[in-house]
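The next block holds one structure in the form of structure tokens; read it before the comments.
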Amino acid sequence: MTGGEFGRITFVFETICLADCELYFMMDVNRKSTTVVESWEGSKGKQSYTHIMTRNASVTYTWAFQRTNQALDVRRYISDTVKLYSISVTNVLDGVASVCRACALVPENSHRPSSSCVPCPAGFYIDRDTNRCQECPPNTYLAGRHTYGKDACIACGPGSISNKEHSRCYSTCTFSHTDDNRTLTFDLSPLSGVASLIIGPSFTSKGTKYLHLFNISLCGHEGERAAVCSDNVTDVSSKDIQSDPAQFINTVDSFICQSTIIPADGRGFRKAISSQSISLADTFVGATRDTVLNDINANPYLFTKKSHNVSDINFFYRSNQVTASCAQGRSSVITVRCNPEKPERGQVSVPSTCPAGTCDGCTFNFLWESSTACPLCTEDDYHQIEGACKGGDQVTLYVWNEPKLCTNGVSLPSRSSTPCEAVALWLKVGVGGGAFMAVLLVSLTCYFWKKNKRLEYKYSRLVMSANKDCELPAADSCALAEGEEPDDDVVYAQKPTLLGKLRAIANKHEGGDSSESVQLNSSHSDRWILG
């Protein structure tokens with residue numbers, strides 16, 4: 001019910017040794033080949049080990065204990081022993097039950113006898129109050145062997161949903177998050193296929209060349225693991241391979257699996273040998289921008305820093321297969337990074353400081369750079385450029401923001417043309433007339449300013465020449481004698497206007513002298529003017 005678990009074996013052991021003893025736990029599948037599942041060296045305290053069987057096949061388990069690897073008399077270490085306290089195997093043929101579990105009662109509307117128990121359908125748990133089968137809530141999965149109580153339904157991790165049977169959670173290869181009040185959506189479906197990564201070559205102590213092959217399935221197929229690694233042989237000759245090539249095939253399906261490849265030119269084999277296939281990612285934990293999820297660390301410092309502000313997406317996986325070095329099993333993290341310079345399928349790499357993909361043997365880190373890992377394009381990813389109005393039309397162009405950090409999504413709008421109006425005739429005439437009047441006023445101001453300066457100069461010369469004689473001429477008197485009555489009326493001319501004053505000033509400069517006319521009205525018929 002856990003998506004590929006057909007059985008498990010758990011045993012408790014302890015080793016008491018004085019020398020370099022070693023305990024081997026081996027497995028034989030379908031009586032074809034025996035492989036070492038795990039081994040322990042030296043003295044080990046009392047502990048438990050669990051191995052999960054992921055294939056529906058007949059399996060034989062064997063324990064082997066070796067007191068020493070030295071070519072000495074083994075009777076010296078006769079007291080070195082291994083103790084197996086208990087062995088528990090599930091889903092065995094002709095097995096017996098060691099414990100009892102809760103039983104789901106027959107539904108009330110069923111025609112079965114009320115005393116019988118029924119298995120719950122896929123994705124259902126046993127309710128504690130009614131002992132009836134209840135379906136798990138959406139986006140939760142049923143935790144395998146524990147089906148009693150609602151807490152058996154475990155919520156899926158971020159960025160994942162559950163299948164119809166609530167047996168597993170998986171990613172739809174889509175991801176979205178909100179950043180600076182903007183929702184970014186990622187479509188990673190072009191990366192859903194299986195990608196392969198070969199690391200090496202490396203060499204054994206005898207000079208045999210071998211490679212590490214990783215098959216990676218980012219999203220799988222609705223939760224089904226799509227990456228497959230095969231073991232075609234462990235140590236056979238080319239003659240054995242030709243006789244029955246299918247006899248030695250052993251496959252491992254996973255989200256991420258690893259195989260050791262010995263090229264055809266090594267050790268006299270005619271074809272490449274694949275062995276030691278292991279699963280690094282049995283279940284999908286979740287996808288998030290965070291670097292830690294369920295105690296799995298993405299270790300972002302292992303890779304070079306990104307050159308843009310688009311967030312990386314970390315896909316977390318876990319393998320329940322525990323080892324002597326990894327008590328919690330193995331885990332893997334695939335960091336998906338937006339890189340417009342990479343092709344659509346992208347490129348997978350491992351940390352430069354950990355060329356085997358892992359620095360501790362338990363956590364594997366991969367970096368998948370691709371242009372597909374960029375968010376879908378939105379209207380915020382382009383801007384418009386408006387051209388000048390020519391011939392009554394204005395052209396508008398749309399260009400992507402640089403650098404372009406998006407893919408697919410909305411398309412770039414095509415260029416558009418809109419009618420526009422030229423400057424109106426009355427506006428042109430008004431602007432032209434205003435400019436002419438401004439120029440005219442400036443010219444008149446300059447002209448009269450120069451005339452005024454010349455007038456001031458001549459006036460100052462006249463005053464200076466008058467002051468040289470030190471005597472002023474006697475003023476003519478027009479006063480009346482004592483007792484004389486005026487017979488004539490004096491009438492002054494009309495007050496000159498501003499234009500008249502300007503003309504008078506101009507005439508003064510041209511004539512060289514100034515005078516003022518006064519018109520006198522006499523009682524006599526004759527008129528005279530005093531100048």
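Keep in mind the model is a prediction, meaning the values are calculated, not measured.
- Using a 4.5 Å heavy-atom cutoff, the side chains of C120 and I126 are in contact.
- Judged purely by atom type and a 3.5 angstrom limit, S371 uses its side chain to pair as donor or acceptor with the backbone of K342.
- Two residues are said to be in side-chain contact when any heavy atoms from C-beta on lie closer than 4.5 Å; V348 and L367 fail this criterion.
- With values rounded to the nearest 0.5 angstrom, C103 atom SG is found 7.5 Å from N131 atom CG.
- Between F13 and W40, a ring centre-to-centre spacing shorter than 6.0 Å is recorded.
- Closest of all the heavy-atom pairs between S279 and S319 is O-OG, 3.4 Å.
- Here OG of S275 is found 5.0 Å from CD1 of I262. Values are rounded to the nearest 0.5 Å.
- In this structure, S331 contributes its side chain and T363 its backbone to no donor-acceptor pair below 3.5 Å.
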Point to revise | Candidate pair F316 and F284, rule ring-ring contact (aromatic ring centres under 6.0 Å, His included), full reasoning | key: CA-CA 6 Å; F316 294 86; F284 174 67; 9.0 Å; no
Review point. Should E14 and K44 be marked as a side-chain contact (heavy atoms from CB on, under 4.5 Å) after you check the CA-CA gap, both sets of side-chain angles, and the distance that decides it?
Key: CA-CA 6 Å; E14 180 185 10; K44 300 294 181 181; over 6 Å; no
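- Two residues are said to be in side-chain contact when any heavy atoms from C-beta on lie closer than 4.5 Å; F364 and I256 fail this criterion.
- Residues E135 and F124 are in side-chain contact: their nearest non-hydrogen atoms beyond the backbone lie under 4.5 Å apart.
- Checked by atom type, the side-chain pair S196/N215 shows a donor-acceptor distance below 3.5 Å.
- The shortest heavy-atom contact between A373 and R337 is CB-O, 3.3 Å.
- Remark: T183 OG1 to D380 CG distance equals 10.5 Å, nearest 0.5 Å.
- Taking CD from Q347 and CD from E369, the interatomic distance works out to 7.0 Å, rounded to the nearest 0.5 Å.
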Exercise for review: Could you please spell out the steps behind the side-chain contact (heavy atoms from CB on, under 4.5 Å) verdict for F315 and V333?
Suggested key: CA-CA 6 Å; F315 284 73; V333 181; over 6 Å; no
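- For the residue pair A155 and Y141, the shortest heavy atom distance occurs at O-CE2, 4.0 Å.
- Close placement of the F11 and F25 rings is indicated, their centers lying within 6.0 Å of each other.
- Checking S230 against S274 by side-chain atom types alone, no donor-acceptor pair falls below 3.5 Å.
- Distance alone, capped at 3.5 Å, is enough to place a donor-acceptor pair between the R345 side chain and the P190 backbone.
- If you check the side chains of Y49 and Q47, you find no donor sitting under 3.5 Å from an acceptor.
- Between Q394 and E386 there is a side-chain heavy-atom pair separated by less than 4.5 Å.
- Using modelled atom types, one finds no donor on one side chain facing an acceptor on the other under 3.5 Å when comparing T335 with D312.
- Within a 6.0 Å sphere centred on OH of Y85, heavy atoms belonging to other residues, nucleotides or ligands number more than 12.
- Of all non-hydrogen atoms in S192 and S217, the two that sit nearest each other are O-OG, 4.2 Å.
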Practice item. Decide yes or no on side-chain contact (heavy atoms from CB on, under 4.5 Å) for L218 and W368, but give the supporting numbers first. Key: CA-CA 10 Å; L218 185 67; W368 198 335; 4.0 Å; yes
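- Checking side-chain atoms of D360 against main-chain N and O of C362 turns up a donor-acceptor pair under 3.5 Å.
- For Y148 against D127, the heavy-atom pair with the smallest separation is CE1-O, 4.4 Å.
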Practice item. Check the pair C374 / C406 against disulfide (SG to SG under 2.5 Å), numbers first and verdict last. Key: CA-CA 5 Å; C374 298; C406 66; over 6 Å; no
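- With hydrogens and angles ignored, the 3.5 Å screen pairs no side-chain donor or acceptor of N401 with any backbone N or O of K404.
- Checking S332 against R318 by side-chain atom types alone, no donor-acceptor pair falls below 3.5 Å.
- With respect to D282, the salt bridge (charged side-chain N to carboxylate O under 4.0 Å, His left out) criterion is satisfied by exactly one of R330, R225, R168: R225.
- The distance from atom CG of D231 to atom OG1 of T35, rounded to the nearest 0.5 Å, is 8.5 Å.
- With S259 contributing its side chain and L213 its backbone, the two residues share no donor-acceptor pair below 3.5 Å.
- Checked by atom type, the side-chain pair T185/D187 shows no donor-acceptor distance below 3.5 Å.
- Side chains of H51 and M27 form a contact here, defined as non-hydrogen atoms less than 4.5 Å apart.
- Using modelled atom types, one side-chain atom of T140 and one backbone atom of P137 make a donor-acceptor pair closer than 3.5 Å.
- Residues N314 and T291 form a side-chain contact, since some pair of their non-hydrogen atoms from C-beta on lies under 4.5 Å apart.
- For the cysteine pair C153 and C136, the distance separating the two SG atoms is below 2.5 Å.
- Listed for the N299 side chain is no donor-acceptor partner under 3.5 Å among the backbone atoms of Y301.
- Taking both residues in full, the closest heavy atoms of A227 and F255 are given as CB-O, 3.6 Å, listed atom of the first, atom of the second, then distance.
- Tested against V350 for a side chain to side chain contact (heavy atoms under 4.5 Å, CB included), the candidates N365, L302, L197 yield a single pass: L197.
- Judged by distance alone, the side chain of T90 and the main-chain N or O of R8 form a donor-acceptor pair under 3.5 Å.
- The distance from the SG atom of C338 to the CG atom of N309 is 9.5 Å, given to the nearest 0.5 Å.
- Side-chain atoms of I161 and C169, non-hydrogen and from C-beta on, never get closer than 4.5 Å to each other.
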Identify every side-chain donor-acceptor pair in residues 408-415 under 3.5 Å, counting partners at least two apart or on other chains, and give the distances.
none

Exercise for review: Determine, step by step, whether Y125 and H166 satisfy the ring-ring contact (aromatic ring centres under 6.0 Å, His included) criterion, reporting the C-alpha distance in whole Å, the side-chain angles of both residues, the deciding distance to 0.1 Å, and the verdict.
Suggested key: CA-CA 10 Å; Y125 67 96; H166 297 277; 9.8 Å; no
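- For S370 (side chain) and E344 (main-chain N/O), a donor-acceptor pair under 3.5 Å exists by modelled atom type.
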Exercise for review: Verify side-chain contact (heavy atoms from CB on, under 4.5 Å) between I9 and Y61, making sure each step is shown before the conclusion.
Suggested key: CA-CA 9 Å; I9 178 171; Y61 294 106; 3.8 Å; yes
